[in-house]
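Structure first, commentary second.
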Amino acid sequence: SSKLPKHLREAQIPTDRTHLISDPVKKPRQRYVQKDGKCNVHHGNVQETYRYLSDLFTTLVDLRWRLSFFIFTLVYVVNWLFFGFLWWLIALIRGDLLHADEEGWTPCVENLNSFVSAFLFSIETETTIGYGYRVITEKCPEGIILLLVQAILGSIVNAMMVGCMFVKISQPKNRAETLMFSHNAVISVRDSKMCLMFRVGDLRNSHIVEASIRAKLIRSQQTKEGEFIPLNQTDINIGFDTGDDRLFLVSPLIISHEINEKSPFWEMSRAQMEKEQFEIVVILEGMVEATGMTCQARSSYLDSEVLWGYRFTPVLSLEKGFYEVDYNNFHDIYETNTPTCSAKELSARLKERRNSSHILYTMNDSEVKPLKLTIANQL
């Protein structure tokens, strides 16, 4: 009970209505987006695979780490072996391998007498190590040309492979690991309006600059013409028109979607929502303050993870000279009195109640009491 807001603790609500909610028991369903943000979609039967090669750099960056290390090593080894073979071939054609020990013979590369030594010379040339034992002579124009070619191609290989590794290491995907989403989304009344809410937070002291958030409703739909649309995406407004989708994410925030006439949940009651199959995908993005790179974090809520009639437990408290966030309560929720009707029905009832209250002010005392009883019975 200590995790509840002060006004609820003082109200002494029964403990059986304020317990923390465990995972709801419901048959598991296939996710479109995993909780960690990975999209659960596999591309099969891709015929135009050449498109991956047209953007080779991005393809290399997108590979898994073990494949990246393998290709990184393979490219350098093949490059060294290829140019080592060319140096050995020049020495073989010129006769340097046969006359290497003769006095007065000027080879193309001094002290190159086998394929192994040619391979070592290729490594020394491309990595600019230069041990000083093997060196090219000025009497070998074909060797000078090959040296220029290897230096240029080696620089291109270095730029591409080192660039791929640098981009892969500096990708902001790891920054998204410290952005948190609540395990559940909740539906309850806020300011006499039914709202869908979830909580987001950032564990780091360095902030996400220009942070913004959006949400999509994913569910199958059949049109009036009979067309079936699997995994249709519908936008969920979480403050785009008011600017509430632009976040100053210093402390955890509760993101609220007002269920109004434009909301896909407008006509859903609690009983109807329990029968629906849908998924809510939330996307938080912004720039990493330390690097300036764009970062995106994703999560999702299945229909079984959207709980009707709950609110989030507060996590922010005022200490001496600072505010403290208790992340132990980040995912905690508590039950609250919430109508089980749809937001449309709730809005109609509230409108009817306001109209009835206005009528009461225009009636005399003998007419007010019977009408009050009638309205109370209707509500």
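In what follows, residues are counted from 1 in the order of the sequence shown. Computed from heavy atoms alone, side chains included, the values below leave out hydrogens, waters and symmetry copies. In this text, all values refer to a predicted model and were calculated from it rather than measured experimentally.
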Worksheet item: With distance as the sole test, does Glu319 use its side chain to make a donor-acceptor pair with the main-chain N or O of Glu324 at under 3.5 Å?
Response: no
Fill in: Heavy-atom side-chain contact between Met194 and Thr338 under 4.5 Å
yes
Discussion item. Using only atom types and a distance under 3.5 Å, with no angle test, would you say the side chain of Asp326 pairs donor to acceptor with the backbone of Val315?
Written reply: no
Worksheet item: Hey, what do you get for SG (Cys164) to CG (Leu60), rounding to the nearest 0.5 Å?
Response: 4.5 Å
Fill in: Among Val78, Asn79, Val77, the one residue meeting side-chain contact (heavy atoms from CB on, under 4.5 Å) with Leu81
Val77
Worksheet item: Between the main-chain N or O of Phe228 and the side-chain N or O of Gln222, is there a donor-acceptor pair closer than 3.5 Å?
Response: no
Discussion item. Assess the residue pair Val75 and Met160 against the criterion (side chain to side chain contact (heavy atoms under 4.5 Å, CB included)); give the C-alpha distance rounded to whole Å, side-chain angles, the decisive distance to 0.1 Å, and a yes or no.
Written reply: CA-CA 11 Å; Val75 167; Met160 177 170 289; over 6 Å; no
Discussion item. Between Arg94 and Glu142, does any NZ, NE, NH1 or NH2 come within less than 4.0 Å of an OD or OE carboxylate oxygen?
Written reply: yes
Worksheet item: Can you check whether Ile208 reaches Phe248 side chain to side chain, under 4.5 Å on heavy atoms?
Response: no
Discussion item. Within the 3.5 Å criterion, strictly below it, is a donor on Ser122 or Gln150 matched to an acceptor on the partner's side chain?
Written reply: yes
Worksheet item: Under 4.5 Å between any side-chain heavy atoms of Phe198 and Ile280, yes or no?
Response: no
Worksheet item: Counting N and O atoms only, with roles assigned by atom type, does the side chain of Asp191 sit under 3.5 Å from a partner on the main chain of Lys193, one being a donor and the other an acceptor?
Response: no
Worksheet entry | Nearest heavy-atom neighbours spanning Gln221 and Asn232 | OE1-ND2, 2.6 Å
Worksheet item: Is the backbone of Ala343 close enough, under 3.5 Å, to the side chain of Ser347 for a donor and an acceptor to pair up by distance?
Response: no
Worksheet item: Does the cation-pi check pass for Arg199 over Phe181, that is, NZ or CZ under 6.0 Å from the six-membered ring centre and within 45° of its axis?
Response: no
Worksheet item: Is the Tyr76 ring parallel, tilted or perpendicular to the Trp80 ring (thresholds 30°, 60°)?
Response: tilted
Discussion item. Quick one, Ser192 and Leu350 - any side-chain contact, counting heavy atoms below 4.5 Å?
Written reply: yes
Worksheet entry | Shortest non-hydrogen contact from Ser117 toward Ser114 | OG-O, 2.7 Å
Worksheet item: Between Arg204 and Asp202, does at least one N-O distance fall below 4.0 Å, as a salt bridge requires?
Response: no
Worksheet item: Of all heavy-atom pairs between Glu258 and Cys195, which one has the smallest distance, and what is that distance?
Response: CA-SG, 4.1 Å
Worksheet item: Are the side chain of Asn111 and the backbone of Tyr133 linked by a donor-acceptor contact shorter than 3.5 Å?
Response: yes
Worksheet entry | Under 3.5 Å: donor-acceptor pair, side chain of Trp308, backbone of Pro339 | yes
Practice prompt. Return the minimal non-hydrogen interatomic distance between Val162 and Phe72, and the atom names on each side.
Written response: N-CE1, 4.3 Å
Item to complete: Can you establish whether the number of heavy atoms outside Lys344 located under 6.0 Å from its atom NZ is more than 12?
Response: no
Worksheet item: Do side-chain atoms of Lys168 reach the backbone of Val61 as a donor and acceptor pair under 3.5 angstrom?
Response: yes
Worksheet item: Given the rule that I, L, V, M, F, W and Y join up when any side-chain heavy atoms are under 4.5 Å apart, are Leu97 and Leu86 in one cluster?
Response: yes
Worksheet entry | Enclosure of Asn205 CG (heavy-atom neighbours >12, cutoff 6.0 Å) | no
Practice prompt. Answer yes or no: is there an ion pair linking Glu305 with Lys35, defined by an N-O contact shorter than 4.0 Å?
Written response: yes
Discussion item. Is any side-chain heavy atom of Arg214 closer than 4.5 Å to one of Phe240?
Written reply: no
Discussion item. Is there a path of hydrophobic side-chain contacts, each under 4.5 Å between heavy atoms, that joins Phe278 and Ile255?
Written reply: yes
Practice prompt. Answer whether the closest heavy-atom distance between the side chains of Thr137 and Val109 falls below 4.5 Å.
Written response: no
Worksheet item: Is it true that Arg219 and Glu279 have a side-chain N and a carboxylate O under 4.0 angstrom from each other?
Response: no
Worksheet item: Is there a donor-acceptor pair under 3.5 Å between the side chain of Ser300 and the backbone N or O of Val33?
Response: yes
Worksheet item: Do you know the tightest heavy-atom contact between Ala118 and Gly84?
Response: CB-O, 3.3 Å
Worksheet item: Do Tyr310 and Ile187 come close enough that some side-chain heavy atom pair is under 4.5 Å?
Response: no
Discussion item. For a 4.5 angstrom cut-off between non-hydrogen side-chain atoms, does Leu146 reach Trp87?
Written reply: yes
Item to complete: Please confirm whether the backbone N or O of Ser182 pairs with a side-chain atom of Tyr301, one donor and one acceptor, at under 3.5 Å?
Response: yes
Fill in: Identified side-chain contact (heavy atoms from CB on, under 4.5 Å) counterpart of Phe265 within the set Gln272, His257, Glu276
His257
Worksheet item: Do other residues, nucleotides or ligands put more than 12 heavy atoms under 6.0 Å from Tyr327 OH?
Response: yes
